[in-house]
Amino acid sequence: MAATVHVTPLNDLIDHDTDSEEPTCICGPQTVPVEVGGLVAWAYVHASLDGREFTEEVA
C-alpha cells in the first residue's frame, strides 16, 4: 500500500489540484517517492506558477 501527499507553494497565482491521487494539476507536479518506515509515500511536488523558484535563495 502506498500513501500520497501533495507539497504545494503558498500564496501562488492558482489553487493547485490536491484532491487527486494522480498528478493532474496544471503546474505538472513532479512525482517523488519517499520511504517512511518501510512504507513508500508518493510526494507530488507542485511548482509555483509565479516563478519564485528562479528567484529564491536556498538558506
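Only heavy atoms go into these numbers, but all of them, side chains included; no hydrogens, no water, no symmetry mates.
- Checking Thr24, Thr8, Val7 one by one against Thr18, the side-chain contact (heavy atoms from CB on, under 4.5 Å) holds for a single residue, Thr8.
- Minimum heavy-atom separation, Ile14 to Ile26: CD1-CG2, 3.4 Å.
- Atom OG of residue Ser48 and atom CG of residue Leu13 lie 7.5 Å apart, to the nearest 0.5 angstrom.
- In plain terms, the two heavy atoms of Ala47 and Asp12 that are nearest each other are O-OD2, 4.0 Å.
- Between Tyr44 and His6, the ring-plane angle classifies as tilted under the 30° and 60° cut-offs.
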